[in-house]
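Just so we're on the same page: letters track the sequence lines, and every chain starts at 1.
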2 protein chains.
Amino acid sequence: MPPRPKIPRPTVKRLSLYLREIETRSELGHKTISSKQLGQALGLTDAQVRKDLACFGNFGHPGVGYQTTELIAELRNILGTDRQWNAALVGVGNIGRALMSYGRFRRKGFDIAAVFDSDPTIVDQDIAGHHVHSMKDLAGLVKERDIKIGVVAVPAAHAQQVADQLIAAGVLGILNFAPKRLDVHDKVSVVSVDFSVALEQLAFQVSLGLVGSLEEG
Amino acid sequence: MPPRPKIPRPTVKRLSLYLREIETRSELGHKTISSKQLGQALGLTDAQVRKDLACFGNFGHPGVGYQTTELIAELRNILGTDRQWNAALVGVGNIGRALMSYGRFRRKGFDIAAVFDSDPTIVDQDIAGHHVHSMKDLAGLVKERDIKIGVVAVPAAHAQQVADQLIAAGVLGILNFAPKRLDVHDKVSVVSVDFSVALEQLAFQVSLGLVGSLEEG
DNA sequence: AGTTGTGAACTGATTCACAGCC
DNA sequence: GGCTGTGAATCAGTTCACAACT
């Protein structure tokens, strides 16, 4: 099974958008969708949509389009959201608290299986239904609860050391909310969500009177 | 004044990263920084850094590098974060509340000058030091308070209509947290922060055992 | 008719490599 | 020695255009 040719980075981002749009349409009763319809809804060309989907197999039916239920299943499988990922949240500040009560987290297959903070005044409290653990329990609980994902929601100054601890404990991926590039060894994936950059993008575009939109993750 | 050749989209994203790194180093007392140092810190080539910065002028000093204070001022000016932007926040749910107490918002020149929600049970309450206004006051307050930026933090189903109201009221840019593509007419900029996409990026990379990191905004 | 999948052409971005400067 | 700025070359991503299929 050698046919995994190449997957352009931008393609992976778009897969999420495809999935969301098709889920919406499927709920509205649509049985099929064409690359043209999908492209129009997302501001992309039909060729782009077809190229992206063709990276992973021939899901389309010439003359018909793509079957929504079939494509949803394929995309979930490709993206890995049909599996369940246990996650450790580190940092119970603004962002951490918002994430704890954020429904979509769980809906995408991520389960916050443990919460940590270094502030002794909140360690051992229960916040939004989660017990806050001390940082020194991190390694133990990550292994015990089969946690594969770390969520870094601490200030920039501590982000790297928290990431190091998570990786040492065995996580395979990190979702980083700190405004700081994380240096990680190979085999660990990092996705960063950076508000500062988003804000500055917007300031730049607005102050230049720039046209056009920019998807930001 | 024709010398505004072209600005690659990815360049704009990186400018934010440059600014952050240089600010950090400047605070540590560094007077200059070379493209090589900057690139190394951010995982980029030195040529990339120079090309990006050269889009906006010749800030560098051959043999020396870039002066930190000078470059910080230039970058802030380019990005527009040396100006002040009044923003309207729409939606006082999880994300909205987190944004209200999020310091970086203000530090990047964004001032939440008015907060709105459609839920009558929270309209007219004070939350995190902000009075929550009814949606029907939106147009009036946006004009009255010279608001140029709208922040959409409502469910996907209402995002487009909220964006339409903001634009009708006169905002020039929208920061969108709803998992939904916003259709906007020209002259209005949109930057979207999409957690679903970030989560799925991570699930994809981890389940593929993929190497490498991905900056996500 | 309508639609997919894909090689070819094109556009855009990154890297290379070096002239010019300190 | 070190460094910037930039044209040229390379690489990546997108769009085009059409054969194949329903």
Side-chain angles (χ1 to χ4, degrees), chain A residues 2-18 21-22 25 30-68 70-71 74-75 78 201 210-215, chain B residues 2-15 17-18 22 25 30-68 70-71 74-75 78 201 210-215:
Chain A
R4 173 69 41 91
K6 239 141 281 181
I7 300 155
R9 270 261 212 108
T11 293
V12 185
K13 282 197 174 188
R14 287 189 297 263
L15 292 181
S16 300
L17 306 178
Y18 298 154
E21 182 66 28
I22 299 162
R25 300 216 177 197
H30 295 45
K31 295 281 178 256
T32 67
I33 187 168
S34 71
S35 58
K36 195 172 179 183
Q37 293 173 301
L38 197 43
Q40 239 151 19
L42 299 170
L44 305 167
T45 66
D46 53 334
Q48 180 79 85
V49 174
R50 290 198 298 278
K51 263 257 156 68
D52 285 342
L53 295 177
C55 287
F56 301 93
N58 296 9
F59 308 139
H61 305 281
V64 178
Y66 301 83
Q67 282 187 278
T68 50
E70 185 190 341
L71 193 47
E74 292 287 359
L75 285 172
I78 293 164
Q201 297 292 313
L210 255 183
V211 176
S213 51
L214 177 67
E215 292 301 324
Chain B
R4 170 72 38 93
K6 238 141 280 183
I7 300 153
R9 272 260 209 106
T11 293
V12 185
K13 282 196 172 186
R14 287 190 296 262
L15 291 181
L17 305 178
Y18 298 155
I22 300 162
R25 300 214 177 200
H30 296 43
K31 296 281 179 251
T32 66
I33 187 168
S34 70
S35 57
K36 195 173 178 182
Q37 294 173 300
L38 197 42
Q40 238 151 19
L42 300 170
L44 305 166
T45 66
D46 53 334
Q48 179 82 83
V49 174
R50 292 198 297 279
K51 263 257 156 70
D52 285 342
L53 295 176
C55 286
F56 302 93
N58 296 9
F59 309 139
H61 306 280
V64 179
Y66 301 83
Q67 283 187 276
T68 50
E70 185 190 340
L71 193 47
E74 292 286 0
L75 286 172
I78 293 164
Q201 297 291 315
L210 255 184
V211 176
S213 51
L214 177 67
E215 292 301 323

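Atoms CG and CD, on B/Leu15 and B/Glu74 in that order, are 11.5 Å from each other to the nearest 0.5 Å.
The shortest distance between side-chain heavy atoms of A/Leu44 and A/Leu17 does not fall below 4.5 Å. You'll find the side chain of A/Leu71 reaches within 4.5 Å of the side chain of A/Leu53, heavy atoms only. No side-chain heavy atom of B/Tyr18 sits under 4.5 Å from any side-chain heavy atom of B/Ile33. Between A/Leu75 and A/Phe56 there is no side-chain heavy-atom pair separated by less than 4.5 Å.
Note that the first and last nucleotides of DNA chain D, 5' to 3', having any atom under 4.0 angstrom from a heavy atom of chain B are D/dG2 to D/dA8. Of all nucleotides in DNA chain C, those with any atom nearer than 4.0 Å to a heavy atom of chain A start and finish, going 5' to 3', at C/dG2 to C/dA8.
Using a 4.0 Å heavy-atom distance criterion, B/Ser35 is classed as a sugar-phosphate-only contact. Using a 4.0 Å heavy-atom criterion, one finds that B/Gly63 contacts the bases of the nucleic acid, with or without backbone contacts as well.
Within residues 43-51 of chain B, the residues having any heavy atom closer than 4.0 Å to DNA chain C are, in order of number, B/Thr45, B/Ala47, B/Gln48, B/Arg50, B/Lys51.
Scored by the side-chain hydrogen bond (donor to acceptor under 3.5 Å, both in side chains) test, A/Gln48 finds no partners at all (sequence neighbours excluded). A/Glu21 pairs by the salt bridge (Lys or Arg N to Asp or Glu O under 4.0 Å) definition with A/Arg25, not counting sequence neighbours.
Of the two residues near DNA chain D, A/His61 and B/Asn58, the one whose nearest nucleotide lies more 5' is B/Asn58.
Listed by first then second residue, pairs satisfying side-chain hydrogen bond (donor to acceptor under 3.5 Å, both in side chains) with a partner in residues 38-47 of chain A read A/Asp46-A/Arg50, not counting sequence neighbours.
If one axis is set at each end of the helix from C/dA1-D/dT22 to C/dC22-D/dG1 from five pairs, those axes are 0° apart, to 10°.
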Donor-acceptor contacts, no H, no angles, side chain residues 59-67 of chain B, under 3.5 Å, sequence neighbours left out:
| unit_1 | atom_1 | unit_2 | atom_2 | d |
| --- | --- | --- | --- | --- |
| B/His61 | NE2 | B/Gln67 | OE1 | 3.4 |
| B/His61 | NE2 | B/Glu70 | OE1 | 3.1 |

